[in-house]
Asker: 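A single structure is presented below for examination.
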Amino acid sequence: MYKPANIREFITPAVHQKLTRTSVYGREQVSWTNAPNPNIRGAFKQKSSSQMTANGLVVVGEKITYTTWYKSDLADGDRLVINGIAYTIKGAPDNTEGRGRYCVCYLERVAENGE
């Protein structure tokens, strides 16, 4: 049986937010609302960070995983707020071993205002 981490390592709190799109005068507006039972705990791991300059722009790529208990409403495009920083879930979260016990999310940092 897969055990990603000792349960005591699920100490990093996160807030799960769902994407809400509304159409106002034909223009789509995006907002974020907390999901039902938004507070989750998990193990946050930043595996690597790379930085590269292309055409005078600095591009930062990070490989981040967040392992938590399985939550069926986690989906691609949802957002996790960890320590005040918003991360977007890339791809469908992995239901480890298909048992509905653990879930591994691959995250991407949301950069706002040129951060």
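None of these values were measured; they are calculated from a predicted model. Values below: all heavy atoms of this structure, side chains included; hydrogens, waters and symmetry mates excluded.
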Asker: Tyr102 vs Phe10 aromatic rings, parallel, tilted or perpendicular, using cut-offs 30° and 60°?
Answerer: perpendicular
Asker: Testing Asp76, Thr88, Asp94 one by one against Tyr106 for a side chain to side chain contact (heavy atoms under 4.5 Å, CB included), which residue passes?
Answerer: Asp94
Asker: Contact between Leu80 and Leu107 at the side-chain level, heavy atoms closer than 4.5 Å - yes or no?
Answerer: yes
Asker: Would you call Arg101 and Tyr70 a side-chain contact if the rule is heavy atoms closer than 4.5 Å?
Answerer: no
Asker: What distance separates Lys90 NZ from Thr65 OG1, expressed to the nearest 0.5 Å?
Answerer: 11.5 Å
Asker: Determine whether Ile89 and Ile85 fall in the same hydrophobic cluster, where Ile, Leu, Val, Met, Phe, Trp and Tyr are linked whenever their side-chain heavy atoms lie under 4.5 Å apart.
Answerer: yes
Asker: Answer yes or no: is there a donor N or O on one side and an acceptor on the other, between the side chain of Tyr66 and the main chain of Val104, under 3.5 Å?
Answerer: no
Asker: To check you understand the geometry: which heavy-atom pair defines the closest contact between Trp32 and Arg79, and what is its length?
Answerer: CD1-NH2, 3.0 Å
Asker: Can you check whether Gln17 reaches Val81 side chain to side chain, under 4.5 Å on heavy atoms?
Answerer: yes
Asker: Is it the case that the side chain of Thr68 and the backbone of Cys103 share a donor-acceptor pair, with hydrogens and angles ignored and the cut-off at 3.5 Å?
Answerer: no
Asker: Give the minimum heavy-atom separation between Leu74 and Cys105, together with the two atoms involved.
Answerer: CD1-SG, 3.9 Å
Asker: Below 4.5 Å, heavy atoms only, C-beta onward: do Asp73 and Lys18 meet side chain to side chain?
Answerer: yes
Asker: Is it the case that Ser31 and Thr20 place a side-chain donor and acceptor less than 3.5 Å from each other?
Answerer: no
Asker: Do Asp78 and His16 meet the criterion of a side-chain donor-acceptor pair at a distance under 3.5 Å?
Answerer: yes
Asker: Between Lys71 and Ala35, which heavy-atom pair has the shortest distance, and what is it?
Answerer: NZ-CB, 4.4 Å
Asker: Heavy-atom distance under 4.5 Å between the side chains of Glu28 and Thr22, does that happen here?
Answerer: no
Asker: Given Phe44, which of Ile11, Thr12, Asn83 fulfils the side chain to side chain contact (heavy atoms under 4.5 Å, CB included) condition?
Answerer: Thr12
